[in-house]
Amino acid sequence: MTLHDLENKWIQEFPQPLIIAGPCSAESEAQMLDTAKRIKESAPEVSVFRAGIWKPRTKPNGFEGVGIIGLNWLKKVKEEYGFQTATEVANAHHVDAALKADVDILWVGARSTTNPFTVQEIAEALKGTDKTVLVKNPVNPDLALWIGALERLLAQGITNLGAIHRGFSTYQKTKYRNSPNWQIALDFKNQFPNIPLIVDPSHICGNRQGLSAIAQEALNLGYSGAIIETHCNPDEAWSDAAQQITPEVLGNLIQNLQVRHSDFSGFDEEIVMHRTLISDLDFQLIQILAERMKVSEKIGSLKKANNIAIFQPDRWKVITEYAAQKADETGMSREFIERVFKSIHEESVEVQNRI
Ligand code: PEP
Ligand code: MN
């Protein structure tokens, strides 16, 4: 069996989109129960309660999670408020303890996904169970590692799988804590349309302001759900305080989300018409590019015959300025046009180099 054969019916047992919420970390029984109670009241769309029991921290001596005792609190949350529960597991001991405590959904954290030894250990500890396991993308932008982790779980017979897109580390400071790199997640989604993909706006943003835009963007792209860190008193949270929101803010955020679905019934014909038009335009684009490359090749032959360097910075400047001007005139983003032209120019240089 391969990842392509999975049906992943588990997600159909939940209201769509699947919303998972709860604190970054379990801190105390009171914090867990208060958060759960208020989520139940303010955000009834939430069906799974999350809390980290073991916390991977960049530096030692920080708060590394309450450990096993937190599993009892998750159990209480389930009993008192009827949520399914979810926590992160990072080794075989965590898996054993979480299975004993009847946690419903386990997730593999972004740091663990980077390490095949860790994933293998987790997968082997899960063998023989029918747990639902969500795999966060690795911290580094490596699609193969993400897929490899899911394959390791599948190889041990775990068939209820999902993926969490939590963004990727960058050394440069950006407005995100973890850059979304949507293309990687979309490549994942294109390869495995049947594996539910869930967005984690909290770890992408690292702040509260950006959450709803990221969640909305993911829903627009056809994601199956979101996992959002929610805390009864976010400012005082023991981990990830800056990105956590109250249950009431969460309720509001969910209310404002627009849910799209991929069912085109009702306007089938219109979509087909537009898509045909797009295909036609794409074909024209490709033909024009082919023509452009042929002209480029001719220039390349002239340069070669006259011993002129292929890359001419002045000419490149003229091209980019012209493109920027045309971008403005047609109301397109300059950055986008610049990206397109960089790519075209790179290929032209390649073509001329081959002569
Ligand atoms: C978390 O969900 O609290 C967490 C530690 O996430 P990640 O593995 O994505 O950093
Ligand atoms: Mn967190």
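FYI, side chains are in, hydrogens and waters are out, and symmetry mates aren't considered; it's all heavy atoms of this structure. Being a predicted model, the structure only gives us computed values, none of them experimental. Every number for a ligand or one of its atoms is a count from 1 in the order of the listing.
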>> Tell me the protein heavy atom at minimum distance from atom 4 (C) of ligand 1, and give that distance in Å.
In response: H203 NE2, 3.5 Å
>> Whether K78 engages the ring of F49 as a cation-pi pair (distance to the six-membered ring centre under 6.0 angstrom, angle to the ring normal within 45°) should be assessed.
In response: no
> Is the closest N or O pair between D240 and ligand 1 shorter than 3.5 Å?
Replying inline: no
> Is the H165 ring parallel, tilted or perpendicular to the F168 ring (thresholds 30°, 60°)?
Replying inline: tilted
> Should you measure from each heavy atom of G109, which atoms of ligand 1 turn up under 4.0 Å away?
Replying inline: 8 (O)
> Given V46 and I254, is the side-chain contact (heavy atoms from CB on, under 4.5 Å) satisfied, shown in steps?
Replying inline: CA-CA 9 Å; V46 173; I254 296 172; 4.0 Å; yes
> If Ile, Leu, Val, Met, Phe, Trp and Tyr residues are connected whenever their side-chain heavy atoms lie under 4.5 Å apart, and connections chain through other members, are L6 and L197 in the same group?
Replying inline: yes
> Is the backbone N or O of N72 less than 3.5 Å from a side-chain atom of E29, with the two atoms forming a donor-acceptor pair by type?
Replying inline: no
>> Counting only nitrogen or oxygen atoms and a 3.5 angstrom limit, does P56 reach ligand 1?
In response: no
> Around atom CG of N256, are there more than 12 heavy atoms of other residues, nucleotides or ligands at under 6.0 Å?
Replying inline: yes
> Of the choices R111, R166, K136, which has the non-hydrogen atom that lies closest to atom 6 (O) of ligand 1?
Replying inline: K136
>> Is it the case that atom NZ in K76 sees more than 12 heavy atoms from other parts of the structure closer than 6.0 Å?
In response: no
> Near R50, which atoms of ligand 1 are under 4.0 Å from a heavy atom of that residue?
Replying inline: 1 (C), 2 (O), 3 (O)
>> Is there a side-chain contact between K55 and W238 in this structure, where contact means two heavy atoms from C-beta onward sitting under 4.5 Å apart?
In response: no
> So which protein N/O/S atoms does the Mn ion (ligand 2) have within less than 2.8 Å?
Replying inline: C24 SG, H203 NE2, E229 OE2, D240 OD2
> In Å, rounded to the nearest 0.5 Å, how long is the span from CG of N178 to CZ of R166?
Replying inline: 4.0 Å
> Of the protein's non-hydrogen atoms, which lies at the shortest distance from atom 8 (O) of ligand 1, and what is that distance?
Replying inline: A110 N, 2.8 Å
> Short list, please: which atoms of ligand 1 are under 4.0 Å from a heavy atom of C24?
Replying inline: 3 (O)
>> Check K37 with E41, please: is the shortest side-chain N to carboxylate O separation under 4.0 Å?
In response: yes
>> Among H165, K55, E88, which one puts a heavy atom closest to atom 3 (O) of ligand 1?
In response: K55
